[in-house]
Structures are given as structure tokens and as C-alpha cells.
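We're numbering straight along the sequence, starting at 1.
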Amino acid sequence: MTVLKTSMRNFFAHKGRMALSAVAVLLSVAFVCGTLVFTDTMNTTFDKLFAATSSDVTVSAKDASNTGETTSDTGRPPVIPAGALGKVRSAQGVKAAEGTVFSTSVTVVDADKDSLSPSSGAPTIVGSWNANDARTMKITSGAAPHGSGQVMVDEDTADKHHLGLGDEIGVISALGTHTAKISGIAAFQVTNPGAAIFYLDTPTAQRTLVGATDVFTNVNVTAAAGVSDAQLKKNVTAALGGAYKVQTARETADANQASVGDFLNVMKYAMLGFAGIAFLVGIFLIINTFSMLVAQRTREIGLMRAIGSSRKQVNRSVLVEALLLGVVGSVLGVGAGVGIAVGLMKLMGQMGMHLSTDDLTVAWTTPVLGLVLGVVVTVLAAYLPARRAGKVSPMAALRDAHAPADARAGLVRAVIGLVLTGAGGYALYVAANADKASDGSLWLGLGVVASLIGFVVIGPLLAGGVVRVLGAVLLRVFGPVGRMAERNALRNPRRTGATGAALMIGLALVACLSVVGSSMVASATDQLDKTVGTDFIIQSDSGQVVTPQAVQAIKNTRGLERITEYKTLDANLTTPDGKVSKDETINAADPTYAKDLRTKTVAGDLADAYRPDSMSVFEGFAKDHGIKLGSTVSVAFKDGRTAKLTVRAITSDDVVIDKGAMYASIATAARYVPADRMPLDQLVFATAKEGQQDAAYTSLKSALHDYPQYTVRDQTDYKQALKDQIGQLLNLIYGLLALAIIVAILGVVNTLALSVVERTREIGLMRAIGLSRRQLRRMIRLESVVIALFGALLGLGLGMGWGATAQQLLALEGLKVLDIPWPTIIGVFIGSAFVGLFAALVPAFRAGRMNVLNAIATE
């Protein structure tokens with residue numbers, strides 16, 4: 001009880017100092033709990049949606065994906081004949097059955113040809129209005145579609161794009177464009193996470209989406225009273241003879257959930273990873289806080305030992321304080337986590353993914369995990385300072401409160417740090433010189449961990465040298481105030497090292513990712529310049545295939561020298577060694593593709609692969625299967641017959657674009673795949689006549705005005721799109737890393753605040769001999785800046801080393817250009833100085849307001 005009372009008294013006596021550490025725990029726990037609540041809520045939302053929209057039993061084509069999405073390269077969804085509907089209706093236990101049609105391989109535009117598709121990446125779905133939809137959707141205005149000239153739209157999409165009854169929209173599929181006017185608007189009875197949904201009547205949907213009125217994509221089956229879904233599935237399967245995919249409502253919902261579950265898991269674990277980084281940074285803050293508090297209470301602890309407190313009691317007293325800190329921070333963090341989850345939901349709503357707070361899901365495991373994690377991390381972080389407190393002898397009460405550090409412990413720390421840093425450097429060296437990326441990645445991971453820990457351990461040793469250099473460059477210009485700031489930073493190298501290490505971790509990751517991202521862009525741009533010999537690339541950003549009508553419009557464009565169509569076909573390959581490689585992809589293109597993409601070969605000429613009954617394979621595949629020039633490969637096309645193709649070229653694996661591709665001509669593929677099953681083009685390449693690039697670019701955009709689903713890009717556009725994609729990903733990662741940097745800033749604030757308290761008497765004496773408030777504040781700000789720049793130098797240097805090593809592994813995959821983004825690195829370094837200034841605002845202000853006499857009288 002005495003230990004608890006002492007701990008409580010000390011905790012509340014230093015509540016201001018504990019508050020910053022509690023904020024670090026709060027932020028880390030909040031991010032973990034917020035991530036879990038957010039992803040659990042998304043799972044709940046999708047579960048409700050899929051459960052509500054699934055019929056008792058669904059019948060679809062065998063080759064339809066589990067989620068029912070369009071998978072055909074023809075741009076049309078897999079279908080089943082209308083005759084299957086009659087067989088289903090005759091099955092025992094069927095109350096009702098209805099044929100439906102839907103497709104996700106569509107683009108919907110308004111009268112101005114602006115896309116109505118979601119910007120969040122959610123699908124655009126066009127389907128037939130049916131009884132199953134009528135069960136989950138409520139028509140809020142107008143009426144359901146009747147006839148080819150009518151379409152109904154979901155309420156969220158109508159609100160977002162300001163659509164009303166009578167507005168004209170266009171549904172663009174592989175079969176062409178169908179225009180209709182909005183006859184009705186329907187609202188979901190459950191949360192719609194963001195899909196844009198449009199309804200046609202069944203005959204119109206059949207003609208628009210699949211081009212025939214005697215087929216369906218699905219048959220929705222309703223069970224009679226007393227018939228279970230499982231029994232109904234058996235009856236329907238027996239009636240159909242096993243020719244189709246038959247799924248119960250639960251199986252359909254599970255399949256749909258699995259399709260989004262992978263994405264949600266990746267997002268969840270990525271966010272939890274960043275929360276872990278924030279926790280790691282928070283550990284330094286907590287260790288620093290308790291180390292300084294223990295140092296300041298050396299005389300107090302010595303007196304406690306002198307009057308009978310045991311080493312264990314002193315140890316427990318500090319740990320109880322940490323426990324109180326962990327509990328308070330964690331409880332507040334759990335509450336803040338729910339707020340973060342709601343904030344993320346609102347943010348996703350701004351991006352087009354609608355999540356209702358009615359579905360907010362807080363599993364009992366979330367607060368428990370948050371509390372356990374926060375408390376355990378806090379207590380573990382305080383363990384070393386607690387042990388140090390327990391070792392304070394009773395004689396310490398008779399000495400100066402600030403006893404010198406253990407020189408032997410410092411030496412051991414330095415040796416361990418040097419060994420770990422050396423081991424990390426060696427692992428990075430091995431990774432950079434690896435022959436295979438898979439082998440090198442293991443060494444890279446080991447090197448990152450070992451070098452990071454090594455720098456953390458060796459930080460106090462580095463602090464002396466680095467701070468002196470920074471002081472000579474930056475602080476000496478401020479005269480005596482600058483020199484005092486430098487000495488303050490050097491006074492306790494362990495504290496400076498730990499504070500700088502907290503900032504180092506976040507900035508090391510920023511620097512590493514910046515180098516990797518910049519190198520990827522530079523390498524891809526270099527590859528484009530070296531290998532791409534075409535001027536324009538035409539494709540759909542939403543993954544739609546290029547329709548024959550659009551291809552014809554491209555061919556009719558003036559100023560073009562050549563046009564290359566590019567398709568992909570699935571096939572099973574039987575190689576000369578007798579092995580069968582299933583589900584391989586054959587890239588079929590016009591012979592001019594050999595000019596459009598200058599792919600390196602290790603044997604033969606790529607142009608020969610486009611001769612009749614010829615193909616190319618890539619280097620790794622040839623080695624694995626003993627293929628040489630002239631070898632014959634049996635190619636069983638998925639939607640056609642089997643061909644015997646002669647290998648005329650073997651392409652190098654040392655490429656980025658189309659790495660691992662196997663080529664053949666479209667004419668060769670057409671001999672074995674029926675015209676109605678031949679995939680449509682994935683891409684179309686166009687090359688302008690000499691000197692007519694600008695005119696051809698304008699003409700192409702004009703020619704495809706009626707095909708807004710496609711984007712025309714020249715090489716400059718393509719490079720910019722690639723840069724933007726990587727830039728968006730990096731910005732997202734930087735945003736998540738900001739949490740760790742915020743915690744690191746709190747660490748700087750806490751260190752300065754506690755050091756100001758520690759130097760109260762010293763500050764009073766300096767003020768008494770003439771140091772002005774302005775000079776005092778400047779001294780503390782400069783000290784903060786130099787600590788922040790120390791952490792930035794270590795972090796940026798370490799991160800660039802990691803990034804350069806990672807680029808060497810990427811070079812094995814063809815990304816050979818190392819590009820250091822110096823503007824970003826320099827910007828982050830300068831920004832760190834401002835971080836230091838910001839962190840010093842409150843401590844400097846408080847120091848400047850000290851009463852001089854009271855400060856001098858402080859023990």
C-alpha cells in the first residue's frame with residue numbers, strides 16, 4: 001500500500017510531464033483501435049450488403065468468377081442459356097426463379113460524356129431490374145425501367161452527379177453505347193459502400209450487355225417454405241446436371257466477402273504496421289521520460305532507501321507509475337480510436353466509399369487489445385529506468401542528485417552498438433550483391449533491423465561528434481547562446497541520442513521509401529525511353545477492353561503511320577520436356593509490335609515470333625523446360641483448339657516492360673480461336689508519321705471523343721501517370737508515418753520540458769548574471785533544433801542506405817536506375833529544423849517565465 005501511495009503521489013506530482021508520454025501512448029493505442037474498428041465496420045457493412053443481395057440459391061456459368069464479376073476478355077460476362085431457367089423452375093423445392101443479366105465491364109456517362117463511375121475504385125454495375133433487387137432497393141422517385149429508353153440509377157450516384165428524372169445517360173459496353181433516360185431513382189435498404197448501380201429492363205440489359213436475348217448471367221432462385229438453401233442447391237444441381245455453378249446465399253456472400261477481404265486485410269495490417277512504428281517511437285519517449293524523472297529524483301530515492309525502502313519497493317514504485325500512465329493513456333486511446341474510425345469513415349465518404357455509422361462495429365477484443373498493448377508497452381519501456389532507480393544507494397541522498405553515468409555501461413553499450421551496426425552494414429552489403437532478389441530481400445530485412453537497432457544503441461556515442469559538427473556549422477553564429485545550446489545537447493548524450501532516435505526511425509523510413517519510389521520512376525522512365533518505339537498508347541483505365549468500333553476509329557485517324565493491336569489469351573502449354581504449364585498467357589499482337597516494343601532477345605529475332613505458327617518464350621521459361629530455337633510447343637488455347645507453335649525467339653528476362661511475356665501474332669491465334677471467342681484488344685498502340693506527332697495526338701483524342709472509356713496517352717503522359725501513381729502511394733505512406741513523427745516531436749518536447757525542470761537552478765543563475773529572457777528562449781530553441789537535426793541526419797543517412805540497397809535488388813528485376821530525390825531529402829532535413837523550433841515553443845516559453853529568485857532557491 002505504501003508503494004502504491006508513493007507511486008500515486010509521484011505520478012500526480014509530475015502530471016504535466018506524464019501528460020506528453022500519455023499522449024504518445026494514447027496516439028499509438030488510438031491508431032491500433034481505430035484501424036481495427038474501421039476494418040471491422042467495413043466487414044460488417046459488406047457482410048450486410050452481400051447477405052441482403054444474395055438470393056437463396058444462385059446459378060451462374062462454370063467459368064464465372066466467385067464474385068460474379070466479368071472475367072471474359074471479350075468484354076461480355078459469362079452466360080448460361082435461357083433454357084436453364086426452365087430446368088431450375090422444375091426442380092423440387094423451388095418457389096420462384098428469375099433470369100438476370102449484369103456486367104461490371106461497363107462505363108456509364110452523362111449527356112456531356114463525363115464518367116459516372118465511382119472515384120473510389122468501387123465497381124460500376126449495370127444489370128436488369130429483378131425481384132431480388134426489388135427486395136433490397138426502394139424506389140424513392142419515378143418508376144422502374146420499362147422499355148429500351150429507360151434506366152434507373154441508385155440514389156447515391158444520382159446525388160453525387162446531380163442526376164434527376166428525365167436526364168439522359170449512356171451505357172458503354174463492348175457491344176457499343178446504349179442511351180436511355182432516367183425513369184427512377186432507388187435507394188439501398190442497406191449501406192452501399194460506393195458502387196454505382198444502373199438498372200435496365202431485362203431484354204434491354206440482355207441486348208446491351210451480352211448481345212442476345214436468349215441468355216442470362218445468373219438465375220436467382222427462391223426456396224419454397226421449409227426447404228433449406230443446402231437442400232435447394234442439391235435439387236437445382238441435380239436438375240441442371242452439374243453443368244453450372246450453383247451457390248447458396250451463404251456461399252455467394254462468403255465468395256463476395258473473400259474478394260474484398262484480401263484488400264481489407266492488406267489495409268488493416270499495413271495500418272497496424274505503422275501503428276507499431278509509432279509504438280516503437282513512443283517507447284523512446286517513455287524511456288526518456290522515466291530516465292529523466294529517476295535522475296531528478298536520485299536524492300529522493302536515496303532518502304527512501306536510507307529510511308528502509310528496499311530495492312524492490314523502489315523498483316515497483318516506478319513500475320506502478322508506468323502502469324498508471326499506461327492505463328490512463330490506453331483508456332483514452334481506445335476512446336480516441338473509435339473517433340479515428342469515424343473520421344476514417346467520413347474520409348472514405350469524401351472519396352466515394354459510403355460507410356454508415358449505424359454499422360460501427362466495436363468488437364470486445366478491440367478495447368482489450370488496446371489496453372493490454374498500451375499497458376504492456378509502457379511498463380516494458382519503463383523497466384530499465386525502474387531497475388536503475390532500484391540500484392540507487394542510500395548514500396546517494398548525501399551526494400548531488402545528478403550522479404555521473406556508469407562509464408562501464410556506456411562502454412558496453414558502445415561495443416554492442418558498433419557490433420550491431422557493423423552486422424547491419426554487412427547484411428546490407430550482402431543484399432546489394434545478391435544474385436537473386438528473393439535471397440537478397442532476406443539479407444535486406446536483416447540489415448534494416450540490425451542497422452536500426454545498432455544506430456539506436458550507438459546513438460549516444462554518435463551524439464557527441466554529430467552535435468559538435470552541427471554546432472560548429474549552425475550554432476556558433478549565435479555566439480555564447482549558441483555555444484550554451486550546444487553544451488546543453490552534449491551534457492547528456494544518452495538523452496540526446498534517445499530523443500534523436502525517436503525522430504530517426506520515422507525519417508529513415510521516409511528517406512528509404514523516397515529513394516525506392518524515385519528510383520522506380522526513373523528506371524521505368526528509362527525503360528520507356530529505351531524500349532518503347534510507339535508514340536501513343538490507348539487503353540481503358542478501368543480495365544475495359546478496346547472495342548472493334550474504337551479500334552476502327554483509331555485506324556481512321558489521319559496522320560498515323562502504323563497501328564498495333566494487342567490481346568491476351570489463356571492457354572495450357574505442353575513443352576518439349578513433356579511438362580504441362582497451365583493457365584499461361586499468350587500475348588498476341590500485330591507484327592508491328594516488334595517495332596513498338598524493342599524487347600531484348602537472348603536468341604533469335606522477335607519479329608520472327610510473329611510469323612505463322614510461331615511464338616517466343618522468355619529466358620527463364622526456356623531454361624526450365626529445355627526450349628531452344630526451333631523447339632515446338634503445344635499450345636491449347638482456352639477458348640479454341642490446340643496449336644503446334646515453333647519457338648522463333650527467346651526474350652531476355654532483364655527487362656521491365658512485358659517481363660515474362662510470350663508472344664505470337666494475332667493472325668496465328670485467329671487460326672485456332674473462333675472469331676466469336678477471340679478476346680478484344682487490351683491495348684492499342686499508334687505511331688504518328690514523321691513530324692506529325694502533335695497533329696496526330698489531337699486527332700486521336702478527337703476520334704475517340706465518343707469513346708470516353710479510353711484514354712490516349714503519349715509517352716510524356718504515360719510517364720506522368722506512372723509518377724502520379726507511385727507519388728499517391730508514397731503520399732499515403734508518408735501520411736501514415738506522420739503519426740510516428742508526431743510522437744517523436746512529443747519526445748523532443750518532453751525532453752526539453754524535463755531538462756528545463758532539471759536545470760531550473762542553473763537557469764535562475766544565468767538569468768541572475770544577465771541572460772535575458774529572449775536569449776534564454778533562443779538557447780532552448782537552438783538546443784531543440786540541433787537535437788532534431790541530429791535525428792534527421794541519422795535517419796536520412798540510414799534511410800538512403802536502405803533505399804540504395806533496395807534499389808540494387810530492384811535492379812535484378814530490371815529497375816536499374818538509382819535516383820536519390822535530393823529535393824525531398826533536403827526538404828525533410830530543413831523541415832526537421834522547423835520541427836525542432838516547434839517542439840521548443842512551450843518549454844522555451846515556460847523557461848522564460850521562471851521567477852529568478854525561486855529558480856535559484858530550487859534544490
Side-chain angles (χ1 to χ4, degrees), residues 60-66 69-81 105 174 210 215 241-245 543 545-546 548 564-591 593-594 599 601 603-604 606-651 653 658-683:
S60 56
K62 275 284 189 186
D63 55 348
S65 68
N66 283 334
E69 293 180 2
T70 300
T71 57
S72 172
D73 290 332
T74 63
R76 307 180 192 185
V79 295
I80 57 179
S105 188
V210 298
V215 292
Y244 307 104
K245 179 182 292 183
V545 291
V546 184
T564 303
E565 298 181 53
Y566 184 97
K567 309 173 185 289
T568 58
L569 298 95
D570 294 329
N572 295 332
L573 274 55
T574 304
T575 49
D577 59 1
K579 296 181 180 178
V580 177
S581 298
K582 294 186 176 182
D583 299 323
E584 296 287 352
T585 299
I586 302 295
N587 297 53
D590 291 324
Y593 189 63
T599 298
T601 60
L606 186 59
D608 292 336
Y610 296 100
R611 290 162 51 184
D613 286 343
S614 301
M615 69 177 297
S616 73
V617 297
F618 58 93
E619 187 177 3
F621 189 83
K623 287 181 179 179
D624 291 341
H625 297 282
I627 296 175
K628 300 178 180 179
L629 289 183
S631 297
T632 299
V633 176
S634 178
V635 180
F637 289 102
K638 179 182 177 182
D639 294 315
R641 297 182 291 114
T642 299
K644 299 288 187 181
L645 304 185
T646 303
V647 176
R648 304 287 185 187
I650 299 175
T651 57
D653 285 341
D658 268 6
K659 183 181 179 70
M662 292 185 275
Y663 299 107
S665 70
I666 291 177
T668 294
R671 294 182 60 186
Y672 301 97
V673 179
D676 62 337
R677 295 186 179 182
M678 177 66 77
L680 299 183
D681 295 331
Q682 297 287 334
L683 306 165

Is a side-chain N or O of [X] found less than 3.5 angstrom from the main chain of [Y], in a donor-acceptor match?
X: Ser614; Y: Pro612; result: yes
X: Asp590; Y: Glu565; result: yes
X: Ser616; Y: Tyr663; result: yes
X: Asp681; Y: Leu683; result: no
X: Lys567; Y: Gln682; result: no

Could you check if a side-chain atom of [X] sits within less than 4.5 angstrom of a side-chain atom of [Y], using non-hydrogen atoms only?
X: Arg611; Y: Thr668; value: no
X: Pro576; Y: Ile627; value: yes
X: Asp658; Y: Tyr566; value: yes
X: Met615; Y: Val617; value: yes
X: Pro679; Y: Val545; value: no
X: Val635; Y: Tyr672; value: no
X: Thr585; Y: Asp570; value: yes

Looking at [X] and [Y], what are the two nearest heavy atoms and their distance?
X: Pro674; Y: Gly640; answer: CD-CA, 4.0 Å
X: Asp653; Y: Gly620; answer: OD2-N, 2.9 Å
X: Val215; Y: Pro81; answer: CG1-CA, 4.2 Å
X: Gly604; Y: Leu629; answer: N-CD1, 3.5 Å
X: Gly626; Y: Ser631; answer: O-OG, 4.5 Å

Rounded to the nearest 0.5 Å, how far does [atom2] of [Y] lie from [atom1] of [X]?
X: Phe637; Y: Arg677; atom1: CZ; atom2: CZ; value: 14.0 Å
X: Arg648; Y: Leu606; atom1: CZ; atom2: CG; value: 13.5 Å
X: Ile80; Y: Tyr244; atom1: CD1; atom2: OH; value: 6.5 Å
X: Asn572; Y: Lys582; atom1: CG; atom2: NZ; value: 6.5 Å
X: Met662; Y: Leu573; atom1: CE; atom2: CG; value: 5.0 Å
X: Leu645; Y: Ile586; atom1: CG; atom2: CD1; value: 7.5 Å

Pair Val673, Arg641 - check side-chain contact (heavy atoms from CB on, under 4.5 Å), show working.
CA-CA 6 Å; Val673 179; Arg641 297 182 291 114; over 6 Å; no

Should Phe621 and Glu584 be marked as a side-chain contact (heavy atoms from CB on, under 4.5 Å) after you check the CA-CA gap, both sets of side-chain angles, and the distance that decides it?
CA-CA 11 Å; Phe621 189 83; Glu584 296 287 352; 4.1 Å; yes

Can you spot which of Asp613, Val633, Thr632 makes a side chain to side chain contact (heavy atoms under 4.5 Å, CB included) with Lys644?
Thr632

Pair Ser581, His625 - check side-chain contact (heavy atoms from CB on, under 4.5 Å), show working.
CA-CA 10 Å; Ser581 298; His625 297 282; 3.7 Å; yes

Residue pairs passing the salt bridge (Lys or Arg N to Asp or Glu O under 4.0 Å) test with at least one member in residues 620-635, sequence neighbours excluded, are Glu619-Lys623

Using the side-chain contact (heavy atoms from CB on, under 4.5 Å) rule, take Tyr610 and Ile666 through it: C-alpha gap first, then chi angles, then the decisive distance, then the call.
CA-CA 8 Å; Tyr610 296 100; Ile666 291 177; over 6 Å; no

